[in-house]
Amino acid sequence: MLASFSELSVPRRGAARLAAWTLVSAMAVTSVLAGAGRAAAEGTAQGRSGATATMGGLETYGTAVIHGDTGTGDTGDPGTGDTEVSAGLFEMSVEGGGTLQTYCVDILTPAQDGAKYQETPWSGTSLGANKDAGRVRWILRNSYPQVNDLAALAKKAGVRGGLTEQDAAAGTQVAIWRYSDQADVEAVEPEAERLADYLEKNARDLPEPAASLTLDPPAVSGRPGERLGPVTVRTGTGGATVTPPADAATSGVRIVDRDGEPVTDVRDGGKVWFDVPEEAADGTAELTAQASTTVPVGRAFVSESRSQTQILAGSSESTVSATASATWAEEGAIPALSQARNCAEGSLDITVANQGDVVFTFDLLDSEYTIAPSETRTVSAPLQEDQAYDFTVRGPGAEEHRFTGVFDCRTQADAAGDATRTLSEPSPATMGAAATETDLADTGSSDTTPLIGGTALALVTIGGATLLLVRRRGTTPRG
């Protein structure tokens, strides 16, 4: 789970060092955005899938000590002093109903009260490039709260004095940090430390759990008078409820099954199509799928506000949802676009599928790409850690597909070397290395102009909020 330094545990000079690093990061964002062209027009291509939740607070926790170079020791000098942090279990409330319990996998990043989190594949987090991510999942499945018989857990771990809930939460978090952050950290309480040692020693590699709910692909395209899709519903529960586009009554767009019959409930693995009337003007539509389920243990959660990355330890019956979009046109290129963070490669991957009868051309960074008819290709835009990005891909008509966010892929320990980056260094979001591509069908090239615009002030505010978390009363303790 994510922990943030408590007010009493962070020395004044250490807080100043964190504030300085955050200020440099915020200034770099300002520099990137100020030099860009006009802001992208409305319209996004950022579908969501799974659970959306709000950070509540650190509910069950003990104390741990981080040894070594955290930059927050008593002297404020790297490599000196130990830092005390809270270590334990967070609680988050799910949008639409439900509660999640999480641990953190980014020991040096503060957790923000009220931050919004989205269920995310490991590939979109620091776990994507971590060979020990599967061991973290083993710890989650074999410790508290999944194992709530504390007497049995204590016996298995060889803890003679027994375990309290606080000991169990602290020991579990410490064991996770040793794999998620490669941190030199130990629990203060002997019982919690014994549990952490047991979990670390016995952890085995487990695969990433499936998402609670996804729609695949998240974007489709075609011509009016056709069924656009299919879109496959994937969920760990029995099925999902499908909601048609908001303007379905006026546009005539329906969500149908293989036989063309309207559908509202879909089983896991079921397929649906957008049925677009032949007389429909060129346009777009979006469907939403929703289900009630327990989110699988080990799913990752990230926040765009640079709050600590979380990993799921327990879930009540919770509401999960996913969206998919459709684009149609009478003639010309008809692109469908979607995005995914690729933390292992340090890039934002934009997948483009062209179902039109002419090529679709766009620019991305320093390269032009052309997507042939019936071709699907993934283009990768390299980004730096903590980089704000705002890309707009213009469609052949008036539509625009916008991708925005902050590229947060590494733990603070991994990203420490970036703290000295100067403002004069180029930002991959606007210049520098060309994007790369992966052909999924034919070959081609293209035309997207990345426009970094009016979000500069908001992003700088985020940076400022992050550094203030260290001292403010509203900061959630690290867990």
Side-chain angles (χ1 to χ4, degrees), residues 1-4 50-64 85-107 109-120 122 125 127 133 135-150 152-153 163-177 179-181 187 192 195-196 199 203 206 208-213 236-237 292-303 307-320 475-479:
M1 79 182 172
L2 302 185
S4 60
T52 301
T54 301
M55 172 58 70
L58 194 57
E59 295 295 321
T60 307
Y61 59 94
T63 305
V85 295
S86 299
L89 199 60
F90 282 104
E91 187 170 290
M92 296 200 292
S93 57
V94 178
E95 187 176 294
T99 301
L100 306 179
Q101 293 176 300
T102 59
Y103 289 105
C104 113
V105 290
D106 191 357
I107 192 171
T109 300
Q112 301 181 27
D113 289 343
K116 292 285 187 182
Y117 281 81
Q118 182 64 50
E119 183 181 341
T120 304
W122 285 0
T125 74
L127 296 171
R135 296 178 186 270
V136 172
R137 188 187 179 205
W138 185 96
I139 292 170
L140 292 164
R141 290 185 62 177
N142 289 274
S143 191
Y144 181 75
Q146 286 300 302
V147 178
N148 56 19
D149 184 340
L150 297 184
L153 182 60
L163 290 166
T164 65
E165 290 184 344
Q166 291 74 20
D167 292 334
T172 305
Q173 176 65 92
V174 166
I176 289 171
W177 278 334
Y179 283 119
S180 66
D181 294 69
L195 174 61
L199 294 170
L206 292 180
E208 178 179 3
S212 61
L213 177 64
T237 186
S292 181
T293 186
T294 55
V295 182
V297 170
R299 291 297 292 171
F301 284 79
V302 298
S303 172
S307 185
Q308 279 178 325
T309 302
Q310 304 279 326
I311 191 163
L312 189 73
S315 168
S316 71
E317 191 80 4
S318 298
T319 300
V320 296
T475 302
T476 299
R478 271 186 172 72

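Because only heavy atoms are used, hydrogens play no part in the values below, and waters and symmetry mates are left out as well, while side chains stay in.
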**OP:** Determine, step by step, whether Y117 and S307 satisfy the side-chain hydrogen bond (donor to acceptor under 3.5 Å, both in side chains) criterion, reporting the C-alpha distance in whole Å, the side-chain angles of both residues, the deciding distance to 0.1 Å, and the verdict.
**Re:** CA-CA 9 Å; Y117 281 81; S307 185; 2.7 Å; yes
**OP:** Tell me, with the steps shown, if T99 and M92 meet side-chain contact (heavy atoms from CB on, under 4.5 Å).
**Re:** CA-CA 6 Å; T99 301; M92 296 200 292; over 6 Å; no
**OP:** For side-chain contact (heavy atoms from CB on, under 4.5 Å), just list the numbers for W138 and L199, CA-CA rounded to whole Å, side-chain angles, deciding distance to a tenth of an Å, and then say yes or no.
**Re:** CA-CA 9 Å; W138 185 96; L199 294 170; 4.1 Å; yes
**OP:** Evaluate side-chain contact (heavy atoms from CB on, under 4.5 Å) for F301 paired with M55, printing each intermediate quantity in order.
**Re:** CA-CA 10 Å; F301 284 79; M55 172 58 70; over 6 Å; no
**OP:** Report the C-alpha separation of I311 and T102 in whole Å, then their side-chain angles, then the decisive distance to 0.1 Å, and conclude whether the side-chain contact (heavy atoms from CB on, under 4.5 Å) test is met.
**Re:** CA-CA 5 Å; I311 191 163; T102 59; over 6 Å; no
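Side-chain contact of T60 with E165: a donor-acceptor pair under 3.5 Å is absent, judged by distance alone.
Of the possible donor and acceptor atoms, none in the side chain of E91 sits under 3.5 Å from a partner among the backbone N and O of L100. Side-chain N or O atoms of E119 include none that pairs as donor or acceptor with a backbone N or O of G50 at under 3.5 Å. A donor-acceptor pair under 3.5 Å is absent between the side-chain atoms of W177 and the main chain of A87, judged by distance alone. Judged by distance alone, with hydrogens and angles left aside, the side-chain atoms of S318 form no donor-acceptor pair with the main-chain N or O of G98 at under 3.5 Å. Using a distance-only test at 3.5 Å, with no hydrogens or angles considered, a donor-acceptor pair links the side chain of S180 to the main chain of I176. Although no hydrogens or angles enter the test, the distance criterion places no donor-acceptor pair under 3.5 Å between the side chain of R141 and the main chain of Q146.
Heavy-atom neighbours of E95 CD from other residues, nucleotides or ligands within 6.0 Å: at or below the threshold of 12.
Scanning both residues, T120 and V302, for their nearest heavy atoms gives OG1-CG2, 3.1 Å. Contact detail for V94 and A51: the closest heavy-atom pair is CG1-CB, 4.5 Å. Shortest non-hydrogen contact noted between Q101 and P145 is OE1-CG, 3.5 Å. Between A313 and L140, the shortest heavy-atom distance links the atoms CB-CD2, 4.0 Å. The two atoms that bring W122 and G298 nearest to each other are NE1-O, 2.9 Å, heavy atoms only.
The CG atom of L153 lies 10.5 Å from the OH atom of Y144; values are rounded to the nearest 0.5 Å. Atom CG of L195 sits about 5.0 Å away from atom OG1 of T172, to the nearest 0.5 Å. With values rounded to the nearest 0.5 angstrom, R137 atom CZ is found 12.0 Å from L127 atom CG. Distance check, rounded to the nearest 0.5 Å: CD of Q310 to CG of L89 gives 9.5 Å. Atoms CD and OG1, on E317 and T294 in that order, are 6.0 Å from each other to the nearest 0.5 Å. In this structure, OG in S86 is found 12.0 Å from CD in Q166, a value given to the nearest 0.5 Å.
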